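Comments concern the structure below.
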Amino acid sequence: MKLLDLAGKISADVLTPGRGAEVRVDQVYAADRISELLDAAADHVLLVSNLPGSHLVRLAELMDVPGICLVAGQMPEVSLVEAAKEHGTLLMVSPDGLFETCGRIYQHLVEEKRPGR
Amino acid sequence: MTSATYPIQAGDYEGGGAASRALKEQLKRIGADPAVVRRAMIAAYEAEMNVVIHAHGGELRAQIANGRLDVEVVDRGPGIPNIEQAMRPGFSTASAKARELGFGAGMGLPNIKKNSDLFAIESSAGEGTQIRFTIFLKSQALYGSGGHSIAVAAEKCHECLCCLHVCPTRAVRVFRGKPQILDYLCIDCTACIGACPTGALAMAGAEESFVPQADAALLVPEPCLAQFGPGVPPQQVVDELRALGFGEIHVTEAWDVALRRAVIAYAGGEAQVTPIISPGCPAVVNLIEARFPSLIPHVAPFLSAPAAAKSKLGSSRGIAVVLCPAQRTALLAGDTAGHPKIITPATFRSAIMPRLAQERHRRDALDRSGQGQAVEYGDHGPAGPTESTRPAEGLGENLLCVTGLPHVMALLEAIENGLAGDLLVVEMWVCDGGCFGSPLLAEDPFLARHRWQAVPTGNDPSAQAVRRTDPFAPRPGLRLDDNMAKAVQKLAKIDKLARSLPGSNCTLCGAPTCGALAEDIVLGRAPADACKRQKNQPEDLR
């Protein structure tokens, strides 16, 4: 699914669109530890995290991750938004908590894959 | 070889990762495999952030040479008192600040080790820590690579899957909307490039522009000189190249002719088998090494024409126009010193076109004013036609020239089955119509060849066939795992999975056959649920 479409479906607030209109994701991974995010990061994966700070964007940049989703309506620091804008990473904030956000994203990704659609 | 040193600031969480990022740029520049870049980035970022979090600053040194990336991350203390403990997953001494930002999970060192091929750590308390890791740029242990020259622009892919259907060695996959080419299968032919309607597949690593330095040498295949329509004979193109500043211009046709003579002489003398296969088309040689290894004794031991002509280009200033990825790979094979700059026919054309337009304008003006004379470039050529490289021309009854991939495959199968022993020499070209049919060229192959014949250039008397120093060798292909026991397990898994797939080879998943998909899933190249038509997958294979 196109990243920007996915953001719309989970009613997330898109702070920087990045390449979200072109890039597709087919996996979601949530963690609050950098090592775990690194391990799961790839160019088709949307990362979900509670972590603040612009190092998330650096990680996305190194691992070619197209988008980052923050949760619980928590607006990030300006430095994170600036960094995301600079590197063309989609940054969004979901109104729901981590668990629920992942659940909704998963549901949309599975629905897309279902045959007959 | 390239090496670089990047500083790392202690406590700089915001800027941390800059050294890894610089390393990534280096790796991308040399065209490292994305999987290698990924592993390198995980290891480098973990090592770099260790310095940011724990040390009083340090640096990351990276060296890329001989197919491997060596990274050394050195800091200025305080050192690790107990390395065994530090290597244990989950153990960390990170500060509260670092933990708040998601670091300090105690996974850093294990993560570096997991993602590198060689790993070492040394530390003395109070002094500092040194981490060294190595990643092999091509996983040489697992693949016998063909070193291919096809570049993928994933963003241009529309997933039409045309490439999957034409690849003779089933080297293409399109998973997650991205085409990828399996090195160990790719033979560098032009099938996928010709089939791709969007330009997502193209020849790799060619120069974007075309700036001849004074007295530079140029190697150009003859089809490139016959691409400019009926009014521009090849000789005029050669004249324009001289005007551009090239001191020496070598047309590969002369080496093709020399190679043909050498192959015929070889077939009539030394050869032990029939038929003898000409190594003129490097993609055919790759195809034989990959899929018809039993035919290797049939291949005459010479270099292809562009590779033989390479010596004419001198050291670093030569420029070579190449018609296909196979020619590029052949030209860049061997030692790294003295490789020519490579340009595509399109780049060549765009450099010549403006000059030709100017020339036409000037001639038109002269004609209108009634002064001067229109130049007949057709008369410029040397007296008498040269020996032609037209397929099959000048060959006797026992000699055969075949062009086009399907016919090449059919003939190779016939030779393998012992059904072509009546032939003495066979020349095979994977492109339809020989090199004039390369999809990188704009003009129709028949038209271009006709125009080339009409105005021949001189025959280079110094052109000679060159014997190969290294013998042809079969491609080892894929080994499923370094560890034999694990490889056997994987093979069994692939087998079982392949039987559970529909077997219709519909290609909708992005793999060329169901069997290929089974292998891709077990080796982690494709997602486990890639098949769009499979009803129930065995649970234990997930």
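Residue numbers begin at 1 in each chain, while the letters A, B, ... track the order of the sequences. Model, not experiment: these values are computed from the prediction.
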| task | Tell me, for N50(A) versus chain B, whether the close heavy atoms (under 4.5 Å) come from the side chain, the backbone, both or neither. | result | neither
| Just wondering, more than 12 heavy atoms not from E25(B) lying within 6.0 Å of its CD? | yes
| message | Could you check whether D43(A) pairs with K178(B) (Lys NZ or Arg NE/NH1/NH2 to Asp/Glu carboxylate O, under 4.0 Å)? | response | yes
| If you count heavy-atom pairs under 4.5 Å between each of A18(B), G104(B), G106(B) and chain A, which one has the most? | A18(B)
| In terms of heavy-atom proximity below 4.5 Å to chain B, should Q27(A) be classed as side chain, backbone, both, or neither? | side chain
| task | Evaluate the side-chain proximity of L62(A) to E48(B): yes if any heavy-atom separation is below 4.5 Å, no if none is. | result | no
| request: For the residue pair E61(A) and R21(B), establish whether any side-chain heavy-atom pair is separated by less than 4.5 Å. | output: yes
| Which bit of S79(A) comes within less than 4.5 Å of chain B, counting heavy atoms only: side chain, backbone, both or neither? | side chain
| note | CZ of R38(B) to CG of D39(A), rounded to nearest 0.5 Å, is 7.0 Å
| request: Let me see the working for V52(B) and H55(A) under side chain to side chain contact (heavy atoms under 4.5 Å, CB included), right down to the final yes or no. | output: CA-CA 12 Å; V52(B) 171; H55(A) 59 295; over 6 Å; no
| Top contributor to chain B contacts, counting heavy-atom pairs under 4.5 Å, from D26(A), L80(A), L59(A) | D26(A)
| G108(B) versus S35(A), closest heavy-atom pair with distance | N-OG, 4.0 Å
| said: Quick check: do I42(B) and M63(A) have side-chain heavy atoms less than 4.5 Å from each other? | reply: yes
| said: Out of G102(B), G16(B), P527(B), A105(B), return the one with the most heavy atom pairs under 4.5 angstrom to chain A. | reply: G102(B)
| said: Shorter than 4.5 Å, heavy atoms on both sides: which option in L37(A), L38(A), D64(A) has the most such pairs with chain B? | reply: L38(A)
| said: For the CZ atom of R176(B) and the NE2 atom of H44(A), what is their distance to the nearest 0.5 Å? | reply: 3.5 Å
| field | CA sep, side-chain torsions, deciding dist, call: R33(A), F103(B), side chain to side chain contact (heavy atoms under 4.5 Å, CB included) | value | CA-CA 6 Å; R33(A) 284 171 164 175; F103(B) 298 103; over 6 Å; no
| query | Does atom CD of Q180(B) have more than 12 heavy-atom neighbours from other groups under 6.0 Å away? | reply | yes
| chain A contact via A154(B) - side chain, backbone, both or neither, heavy atoms under 4.5 Å | neither
| note | By residue number, those in residues 5-15 of chain B with heavy atoms under 4.5 Å from heavy atoms of chain A are Y13(B), E14(B), G15(B)
| query | Do L51(A) and L101(B) have side-chain heavy atoms sitting under 4.5 Å apart? | reply | no
| field | Salt-bridge contact D32(A)-R99(B) (side-chain N to carboxylate O under 4.0 Å) | value | no
| message | So for E155(B), is it side chain, backbone, both, or neither that comes closer than 4.5 Å to the heavy atoms of chain A? | response | neither
| chain A contacts: which residues in residues 85-97 of chain B have a non-hydrogen atom closer than 4.5 Å to it? | none
| Where do R58(A) and Y45(B) land on the side chain to side chain contact (heavy atoms under 4.5 Å, CB included) test, with the steps shown first? | CA-CA 10 Å; R58(A) 175 75 79 186; Y45(B) 186 65; 4.1 Å; yes
